[in-house]
Amino acid sequence: MIGLGTLINATAVIVGGLIGLWLNKGLAQRFQDTITQAQGLAVVFIGISGTLSQMFVESRGTLDTQGTMMMVISLVLGAVIGEWFNLELYIENFGNFLKSKISSKNDSRFVDGFVTASLTVCIGAMSVVGSLQDGMSGDYTMLATKAILDGVIIVIFAASYGVGAIFSVIPLVIFQGSITLLARLIEPWLNATAISNLSLVGSTLILCVGLNIMFNTKIKVANLLPALVFATLAGIIFK
């Protein structure tokens, strides 16, 4: 059944979020703060490991790097376009809209939870490649694996940020569902280089999400999202 992978992934996010909310009710603030820091540290290392796995290659018995210039150019161009359209503001406004609809106006962490969780579960090569496999052949294996990872992550996000994290299921379904439906149009264009570039830049953005969580910084990760498009295009053009 085509689309089953995204359905499994969405279910894992909702279930993980509900478990996280249940855990959140019995936690003192100091526990929530420590969990948030631990969560940020974990996301930082997920981003670092994903970035380095694509940057470092073995060449003639030595360790070499690849994709550095592509990453720099993609991030710069992505920042310009993202800041021009101020994508972060649109996502935050959507978060505020959801917050008003579910009567959570006093929930000060709703928008932060929604934005942070959405960026974490949507960015990455697994979302794209898994959705393509699901749309082309009905193979949902990769998305089912991603569902397990996302479910665990959302447990922690919901325990730290509250109900806002659960609503990351909306952009998840829209993003992965769209790729699944358009898989036959997209798949011929995505070569190995494009997917590698996407994974490299996507992992870099996940690292930025982790830094925001851990150090309470304000890297506008959503405004860097167009970098994923430039990275993919670079792989298609310069394959």
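Reckoned from all heavy atoms, side chains included, excluding hydrogens, waters and symmetry mates. Just so you know, these numbers come straight off a predicted model, no measurement behind them.
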Proximity of Phe94 and Phe114 rings by center, below 6.0 Å: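 Yes: the rings meet the under 6.0 Å criterion.
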Distance (rounded to the nearest 0.5 Å) between [X] [atom1] and [Y] [atom2]:
| X | Y | atom1 | atom2 | value |
| --- | --- | --- | --- | --- |
| Asp150 | Thr120 | CG | OG1 | 9.0 Å |
| Leu172 | Cys122 | CG | SG | 5.0 Å |
| Arg109 | Asp112 | CZ | CG | 6.5 Å |
| Met214 | Thr36 | CE | OG1 | 11.5 Å |
| Met71 | Ser203 | CE | OG | 11.0 Å |
| Leu132 | Ile195 | CG | CD1 | 7.0 Å |

Look at the side chain of [X] and the backbone N and O of [Y], then say whether any donor-acceptor pair between them is shorter than 3.5 Å.
| X | Y | result |
| --- | --- | --- |
| Gln66 | Phe56 | no |
| Asp134 | Thr180 | no |
| Ser53 | Gly50 | yes |
| Gln176 | Ser127 | no |
| Thr6 | Gly3 | no |

Qualifying residues under ring pair (Phe, Tyr, Trp, His ring centres under 6.0 Å), relative to Tyr140, sequence neighbours excluded: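 Listed in chain order: nothing, the list is empty.
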Least distance between heavy atoms, Ile48 atom then Leu207 atom: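 Minimum heavy-atom separation between Ile48 and Leu207: CG1-CD1, 3.8 Å.
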Distance-minimising heavy-atom pair for Gly235 and Asn197: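 Result for this residue pair: N-ND2, 3.3 Å.
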Under-4.0 Å salt bridge between Lys220 and Glu92: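 Judged by the 4.0 Å cut-off on N to carboxylate O distance, Lys220 and Glu92 do not form a salt bridge.
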Asp139-Ser137 side chain donor-acceptor pair, cut-off 3.5 Å: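 Note: Asp139 and Ser137 side chains miss the donor-acceptor criterion.
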Donor-acceptor side-chain pairing of Glu83 and Asn223 below 3.5 angstrom: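 A pair is found: one side chain offers a donor N or O, the other an acceptor, under 3.5 Å apart.
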ring-ring contact (aromatic ring centres under 6.0 Å, His included) pairs, two or more places apart, involving residues 162-188: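 Qualifying pairs: Phe110-Phe167.
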With Leu119, the side chain to side chain contact (heavy atoms under 4.5 Å, CB included) member among Thr116, Val121, Val115: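 With Leu119 as partner, Thr116, Val121, Val115 yield a single side chain to side chain contact (heavy atoms under 4.5 Å, CB included), made by Val115.
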